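Only a predicted model underlies this, so the values are computations on that prediction, with no experimental measurement involved.
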Amino acid sequence: MVGCCVVFCTNRSSKPSKRQIKEENENKITFHIFPKDAERKQRWKNAIRRENWEPSNNSVVCSAHFRTTDFINSANICKLKMSAVPSVFKDYPLYLQKIQKIRKSPKNRIPLAVIQKPSIVENVEETETSAETIIETMEVGFDTNETVCHAIENNTQSSRSFNTICSSCTLLKSTITKLSGQLLKAQRKIKMLQQAKRRSSKKVATMNNVIKALKTQFPSDTANIPCLDMLSKESAQLLHRQASKRKNLRIAQKYPPELRKFALTLHYYSPASYRYVRDQFDTCLPHPKTISRWYRSIDAKPGFSSEALQAIKMKAANTPYKIVASLVFDEMSIRRKIEYDGLLYHGFLDMGANVDVDESTVAKEALVFMLVSINSNWKVPVGYFLTAGLGVDQKSSLIRTCLTLLQETGVNVISITFDGLSTNFSLMTNLGCQINTDLQLKPYFSHPVTKERVYVFPDPPHMLKLVRNALADKKVLYDSQNSKIEWNLLEKLHDLQDKEGLHLANKLRGVHIHFQNQKMKVKLATQLLSRSVAVALSICKDKLQMQEFKESTGTITFLDNFNNLFDIMNSRSIKQFDFKKPINANNFEYLFNELDKLQKYIQGLKFDLISTSSVIYSNRRTGFLGFMICIESLKLMVHEMILSKKLLAYIPTYKMSQDHVELFFSAIRAHTGFNNNPTARQFKSAFKKLLIQAEFKNSSNGNCVPLECFSILHCSSTRESTRAVEIINETCFKKTHTDGKLISRFSTLMFAKFLDDLDVYDDITDHNYVQLPGQLTEFTKQIVAYMGGFVVRKLLKKIKCEECIEALTSSVQNVPLIALRDKGGLISPSDDVINICMTSETILKRALEESGGKMLLKKFSCLFLVGKVLKVYLNKPIFIGLSDHVLSHIAIENHVIQLIRAVAESYIVVRLHYVSKRYTDTTNSKRQVYNKLILFQGC
């Protein structure tokens, strides 16, 4: 929440829901940060008039203090002009409010000569003009001879009296006297400031001499150097040891905790980097063998880790509130291999010190238990077991033991999360849950110590994959209204988008349809059963009225419902909106109504019209039943933890997913060189090191390049921009004094020469590429118009010219796809931008046909295609609203030309990225098949 920094202003911002944003009127309050430019920032500060106050980086001024003319008028954009300054302060006292003087238009002004010149002499015959009067008149600044002659010639006309002229002169004299006094006062102030500056310079020079003397007198006392206080503890300790070592002073043999933590973390991420940093800091960091000895103190044997439990106990004791957590468990495949380290064999079954197992059986899985805090941000693996497949009774015993140990640490475990294995659903019944076929769900069991409820959550991402698999296998589902839910419609949508080479604002690709080789990827299921795909089907059905999508109502509803359900079950931040916002005391009724509707919808799904039984009674019920259990568990947990006991302010359902333990598995694979099938000994080593780390992060994929082969690159954080945008920004405040007619006379000729410079391929006829946008299909037009909004959003971040910004945007919603997808943040492009994008798409499609339909030939570069687009608009009117604005610049800097160039280039770059990506798309990749084959066969 932010508030306006203006005195007496009470406007505050609180993030509403997206539905509230959409329903707000045009007079909504917006907040604007201070400009980064020092001069504009000082003008804002002077206008606000707060004494002894400096604006911070977070200080804002609300839109109530700006005039309507200070804003750029466009839909979904509330942006201030560069010249805007706060000027409306209705809550200020009257003596502090600035009076706005409104100048008259030139037509309504009275010329100065008409007012002043005749008013000197009213009537020569009636007024005695003395020498003193003539002198006073000259002091005022008029031409006396001309005035007198004018008065003699017009002696019959009436004007101001002589006394009025005298009073005006007296007023001018008093003003000059007052200004002279102010000038003298300012000169005195400048003199005093100059004296203060000289004294300050002498004082600074004296202090520098004192610092030099102190450094000379105490050269070895590095602890007293002021700069060390400004550094972090790790950096200060490292620099202090390095300085002491160079002065041959004694260094403490015991490393401080901060330095030990830094050394362990750096060595964990990269041993090679650790050796390099250690050499650069004069071996002030511990030797790698010392770090190995530290690791030996950690017991990483299979079983529940005593170190992890002790750390959780300390965390609970030092936390002022009751810690509420979720327990997550999952299995990871390991390589079947026996290794000997000189003392022990590694690779056999191992369930901990107090459990007897068949020691001759080789382990093939590692069962890991992880504790995830719900009301704080941490997670800890509490133990692991090397198994060859556990039964229901063995898993139940391990879960009860884990809950008992965690209760002793002071942590309240309220839920358990697992994947969709059939043994896990049998495990729920064994623990005490009731999952009957008559839908009398009891998704919880009693805690073995406290007897309180522990809720069960089948992992929502796994359940969504199972729902996707069921639909792909059965091809057709029916809802309670007997509407068909067809997998074939998704295939038709993919084929249509693939044929057109464009997508209706969704991520549907061939890999989503042919997912059999990558069944484990949750991303493919979430992107398929999403609202974006539902919107695409809706556009084809309603807007384009395609016959093949006529019966898609049931499929659209199915996709929308499961999209909303997954959003509710994957909520994270309280700052999110609508279904993505975690459930709390303010929105639980709204979300409960949606969950009840979704629960009834799932119950009404069936595989055929002949049988009236629900999918929950079929052999493909796991995914649907899992979601039903999640819904019931969440509703009961909200009643207990938020409404009754009030232990939680909100419930982020993402904490009840298996993503945390999956990230842990990814970190283990990364530590072993991205060996996704480590041995038991490698798993133990990685587990030991990960147990010490506070967080787990995934490193990016990619081939490595030796750094020694290249010189160090100097990078800049400047945002990249095209040449067209640079020209617009460089000339947006630059006005030329050339005659506008002269500019327009030569603009066409210079524009043509400019296009000739761009056209580097003359062997291709222009008429093949200069075609009208009307030749595009209606399907393509909808997508191109939507992409035009993205192009405008991209350009608005770079262009500074206010007139050009207004020309790019539209104040009305003119794109149906944007209207359907908009939740408050999309931008509507102007008709001119859409027209340029259509032309660019037509030229690009013609170039693709010339190149064979898949990949563009090298001669069809982005520069070449942009030049073809510019030639289309050589004699064609575009951006009519900028007709006056273009006269301020020469033709080569003409903003209309540069806007066409910027829009076309941005659009074509986006399309070329997609063309290249589509060219190398491997839908039927065998990598995942062979990868899983190696994992599960234990090779």
Side-chain angles (χ1 to χ4, degrees), residues 16-28 30 32 63 68 70-81 502-506 531-532 534-536 538-540 542-544 577-578 725 728 773-774 776 778-841 869 873 877-882 885 895-896 899-911:
S17 64
K18 291 188 178 180
R19 182 174 299 176
Q20 292 174 339
I21 291 177
K22 203 168 183 180
E23 294 178 355
E24 279 186 345
N25 54 23
E26 298 180 354
N27 298 324
K28 63 181 180 181
T30 57
H32 307 272
S63 57
T68 55
D70 291 337
F71 294 91
I72 297 175
N73 296 325
S74 180
N76 291 338
I77 298 179
C78 189
K79 187 175 182 180
L80 289 173
K81 296 181 179 179
L502 292 169
H503 289 76
L504 273 170
N506 60 75
R531 174 166 172 75
S532 61
V535 170
S538 179
I539 289 289
C540 294
D542 300 328
K543 180 66 180 178
L544 305 178
F577 305 102
D578 209 22
V725 174
I728 293 175
L776 300 176
E778 189 66 27
F779 180 86
T780 303
K781 288 181 180 180
Q782 294 294 329
I783 302 174
V784 172
Y786 179 83
M787 293 176 64
F790 173 77
V791 170
V792 172
R793 184 187 186 93
K794 190 176 179 181
L795 292 177
L796 289 182
K797 298 177 181 178
K798 303 174 183 179
I799 294 180
K800 298 180 181 179
C801 181
E802 297 172 357
E803 290 84 353
C804 295
I805 291 175
E806 292 183 356
L808 290 174
T809 57
S810 173
S811 58
V812 297
Q813 191 64 268
N814 53 357
V815 182
L817 185 56
I818 293 180
L820 287 174
R821 294 296 307 276
D822 186 22
K823 294 184 179 179
L826 298 184
I827 296 175
S828 297
S830 63
D831 293 337
D832 293 325
V833 172
I834 296 176
N835 189 281
I836 296 171
C837 292
M838 296 286 188
T839 303
S840 302
E841 180 63 26
V869 175
Y873 297 98
I878 195 72
F879 293 120
I880 305 299
L882 297 179
H885 182 57
H895 282 199
V896 170
L899 270 185
I900 298 172
R901 183 180 173 185
V903 172
E905 185 172 352
S906 299
Y907 180 85
I908 290 174
V909 166
V910 174
R911 290 288 286 115

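The closest donor-acceptor contact from the side chain of S906 to the backbone of A902 lies under 3.5 Å. Under the 3.5 Å distance criterion, the side-chain polar atoms of S63 are matched with a main-chain donor or acceptor of T30. The closest donor-acceptor contact from the side chain of N814 to the backbone of P829 lies under 3.5 Å. S828 contributes no side-chain N or O that, together with a main-chain N or O of Q813, makes up a donor-acceptor pair within less than 3.5 Å.
Listed here is the closest heavy atom pair of K798 and K794: CG-O, 3.9 Å. Annotation for L796 and I827: closest pair CD1-CD1, 3.7 Å, computed over non-hydrogen atoms. Shortest non-hydrogen contact noted between C837 and V903 is SG-CG1, 4.1 Å. Closest non-hydrogen pair, I799 versus I805, comes out as O-CD1, 3.6 Å. When all heavy atoms of F879 and A807 are compared, the closest pair comes out as CE2-O, 3.7 Å. The heavy-atom pair separating I728 from C804 by the smallest distance is CG2-SG, 4.2 Å.
How far CD1 of I72 is from CD of E803: 8.5 Å, rounded to the nearest 0.5 Å. Note that OG1 of T68 and CG of D70 are 7.5 Å apart. Values are rounded to the nearest 0.5 Å. Considering CG of L817 and CD1 of I539, their distance stands at 5.0 Å, rounded to 0.5 Å. Rounding to the nearest 0.5 Å places CG of L882 at 9.0 Å from CD of E806. Put simply, NZ on K781 and CG on L502 are 13.5 Å apart, with the number rounded to the nearest 0.5 Å. One finds the CG atom of D831 at 11.5 Å from the CD1 atom of I836 (value rounded to the nearest 0.5 Å).
Other residues, nucleotides and ligands contribute at most 12 non-hydrogen atoms within 6.0 Å of the NZ atom of K543.
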### Message
The test is side-chain contact (heavy atoms from CB on, under 4.5 Å); show your working for C801 and H895 and say whether it passes.
### Response
CA-CA 9 Å; C801 181; H895 282 199; 3.6 Å; yes

#### Entry: CA sep, side-chain torsions, deciding dist, call: I878, L899, side-chain contact (heavy atoms from CB on, under 4.5 Å)
CA-CA 10 Å; I878 195 72; L899 270 185; over 6 Å; no

### Message
Go through it in stages, so that I can follow the logic: the residues are L504 and Y786, the test is side-chain contact (heavy atoms from CB on, under 4.5 Å), and I'd like the CA-CA distance, side-chain angles, deciding distance and then a yes or no.
### Response
CA-CA 8 Å; L504 273 170; Y786 179 83; over 6 Å; no

### Message
Working note: E841 + Y907, criterion side-chain contact (heavy atoms from CB on, under 4.5 Å); need CA distance, chi angles, decisive distance, verdict.
### Response
CA-CA 8 Å; E841 180 63 26; Y907 180 85; 2.6 Å; yes

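Under the salt bridge (charged side-chain N to carboxylate O under 4.0 Å, His left out) criterion, R821 pairs with no residue at all, not counting sequence neighbours.
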